[in-house]
2 protein chains.
Amino acid sequence: MSEPSGPTMASIGRVAGVSRQTVWNVLHAPDKVRPETRARVERAIRDERYRPNRVARSLRTRSARLLGYCMEPRGGPDLNPVQDRFLHAVTEAAEARGYHVLLFTTQRGDPGRRASSRGGREDDRLDGYAELLAEAAVDGFVLSDTTVDDPRQAWLHERGVPYAAFGRSWSDGEDPGPWVDIDGAAGVESAVTHLYEQGHRRIGFVGWPTGSGVGEDRVSGWRRGCERLGLAPGPLARGDNTSDTGQALAAELLDGPDAPTALVCVSDVLALGCLAELRRRGLRPGADIGVTGFDDAPFAALPGVELSSVEQPIERVGADVVRLLIDQLTGEPPAESHIVLAPSLRVRASSIHPTTDPVTP
Amino acid sequence: MSEPSGPTMASIGRVAGVSRQTVWNVLHAPDKVRPETRARVERAIRDERYRPNRVARSLRTRSARLLGYCMEPRGGPDLNPVQDRFLHAVTEAAEARGYHVLLFTTQRGDPGRRASSRGGREDDRLDGYAELLAEAAVDGFVLSDTTVDDPRQAWLHERGVPYAAFGRSWSDGEDPGPWVDIDGAAGVESAVTHLYEQGHRRIGFVGWPTGSGVGEDRVSGWRRGCERLGLAPGPLARGDNTSDTGQALAAELLDGPDAPTALVCVSDVLALGCLAELRRRGLRPGADIGVTGFDDAPFAALPGVELSSVEQPIERVGADVVRLLIDQLTGEPPAESHIVLAPSLRVRASSIHPTTDPVTP
DNA sequence: CTGTTAGCGCCTTCAC
DNA sequence: GTGAAGGCGCTAACAG
């Protein structure tokens, strides 16, 4: 059970014939040590394969050098490719600054207290965020999948807990803390512009139900794009984020009074439903009706799908979120606290009008 | 900078008018404390929102209660839905036993030493696994995406580092350590059986290049299934895991001497390519040619795809891997060290023969 | 049952 | 430049 516990500063000191403080100096203030001594200590460090014990360091410095990240359970088939890439980016960026990511989950939704499990009496058992904090297991949190007025932001802000979020808070008044987000409006607008260039003049929008900050942001990009290009905004249909809904909404728009020749969709899943509806009607995506999605989900690039989509620079988001968070932890002056990154359209067959495309000389 | 540091055992003891050891007893050996005293201490713990400091505990017990997991960078569009779900399952299972997951990445492939970055001189800088170990930052590792004779297993085994893997080692002789894996052969065999029941008698296989343990396991399930059903194994084609390759392989098989009426594919990505080739030829998946995939990737369920696929019980795998690992850490008697779980076929349109299906009364 | 005592490995003044 | 001493918060063996 009791492992023979690796080398310590003391053991290195013994080997090198110096005190453990000299070992510390060699590691943290090398110029304060005479070259011969330093060489001797460095040699011992290498021979013994010494590495400072992270736990002991954390206890002393009161910093675990760990960033908490809550994994939301994926309900149903997850078509969102974002979480994986984001986590990888966050992990890599954190490592570059000597931090690691600690994963956790929460069963109940909100952070804060929750009812006791025994007797129904009020209890102070704390949920995931509060628990890790109280245990001093992490120094701060990385948030993602933030929603309108996300309770987590306010909760963390009130307690002065360092955090940084992927996704703005969308709150009207308050500004709880630092975030990085994608400029969804700009992304959608670029899709509108692209479709315009492909010859479309009647561009519809397939969106989510009202109330979602992300969704309204994207709608506004569609409106703005149409306006800028001198187009009357085409018809708009809304529904929840499933491809079945997308199919129904596409049918609704195509059968409506002023049928669009192109559909800009708020998500790839909805866009996929649109593609299905086009196929059902014998219409060719791109050639007959232009379609674009948002997210650049993995399936967008598949043969037989070939969906044009707005791609989010997730790796960049992860790196920036980590920077925002760790700068707080190290007391660095916060250069900026809100970062908006521009996404870019990936053009595929679903939005290319063959005749408009100047391929043949 | 210096946070006013939350409550400690000592401060709780002061509030409750007892020594900090009594506080410890209340937490770890409640029956050793007189009920009144205990009540007083418990009340103080709640009032102060005390939670034991994880870092201090770790230092003392020499156990970080952290499991390391290396995030492999995803090359290109990742169509594999597994990592996300697996990580979530692992995190949840770990939490249930008081552990958390620590994420890290490695730039270089193999664990072990790597060349110095300065001067080319041999250096003892250690990579991700070794580093976390030397720093005592984790107690063990969870592996996934293991390959044939994965170097990580041997490396960890040699050093006596606790670990558990998702994926058997596929090594011929040695048995480096505990793993959980999916019975790929059984999964494929169930696909063969299902296609047989749909009326197919000539069943081809679309596989990966030889040499992959996972791939050969699945091929063997196809052979076994055909044999058991008294069928001569249909034609076999191999290629790398892209849907373009899948399309080419499907064409090869369908144009070959004894064209199959059904295609069992080693992966969903290859199966998707097969579906594309069928569509190109005006053949209907299911009705004309049965197709099955493996993994139950998110896109398999999409409308317009409807691919039958062998689904892996990832959540179960995650839970079992964690159990195998933590049992080692706590010195529990290892009940078993190799767990093989049965996957199950999810039947969708791509493998259902309409006339064979007894729907109409 | 309760309190005393001694570290875990590191960081950080302070003397020599 | 180098060494000595104290403490972060917890665990654990031992006395009272």
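Every heavy atom of this structure was used, including side-chain atoms; hydrogens, water molecules and symmetry mates were not. Chain identifiers are assigned alphabetically (A, B, ...) following the order of the sequence lines, protein sequences preceding nucleic acid strands; residue numbering begins at 1 within each chain.
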Expressed in angstrom and rounded to an integer, what is the separation of [X] atom [atom1] from [N] atom [atom2]?
X	N	atom1	atom2	answer
B/Asn25	D/dC10	CG	P	14 Å
A/Arg40	D/dT2	CZ	C1'	11 Å
B/Ile12	D/dC10	CD1	P	9 Å
B/Lys32	D/dA13	NZ	P	10 Å
B/Arg54	D/dT11	CZ	P	11 Å
A/Met9	D/dG6	CE	P	19 Å
B/Asn53	D/dG9	CG	C1'	6 Å
B/Arg60	D/dA13	CZ	P	9 Å

### Query
Which one of A/Arg57, A/Arg49, A/Arg65, A/Arg54 satisfies the salt bridge (Lys or Arg N to Asp or Glu O under 4.0 Å) criterion with B/Glu135?
A/Arg54
Scan [X] against the nucleic acid and name what it touches under 4.0 Å (heavy atoms): base, sugar-phosphate only, or nothing.
X	result
B/Thr37	sugar-phosphate
B/Val55	nothing
A/Thr22	sugar-phosphate

#### Entry: Non-hydrogen atoms of B/Met71 and A/His88 that approach each other most closely
O-CE1, 3.3 Å
### Task
State whether B/Thr8 places a side-chain N or O below 4.0 Å from either non-bridging phosphate oxygen (OP1 or OP2) of D/dG9.
no
### N/O (side chain, A/Arg62) to phosphate O (OP1/OP2, D/dG9) under 4.0 Å
yes
#### Entry: Cation-pi check, B/Arg20 onto B/Trp24 ring (under 6.0 Å, within 45° of axis)
no
### Message
Which is more 5' along DNA chain C, the nucleotide nearest B/Arg20 or the one nearest A/Arg57? Just name the residue.
### Response
B/Arg20
### Summary
Assign each of B/Leu59 and B/Gly17 the nucleotide of DNA chain C bearing its closest heavy atom; nearer the 5' end lies the nucleotide of B/Gly17
### Query
Which of the following nucleotides, D/dG1, D/dA12, D/dC10, is nearest to the side chain of B/Gln21?
D/dA12
#### Entry: Per B/Trp24 side chain, nearest of listed nucleotides D/dT11, C/dT2, C/dG9
D/dT11
### Query
More than 12 non-hydrogen atoms from neighbouring residues, nucleotides or ligands closer than 6.0 Å to CZ on B/Arg97, yes or no?
yes
### Query
How long is the gap from CG on B/Leu325 to CG on B/Asp320, to the nearest 0.5 Å?
12.5 Å
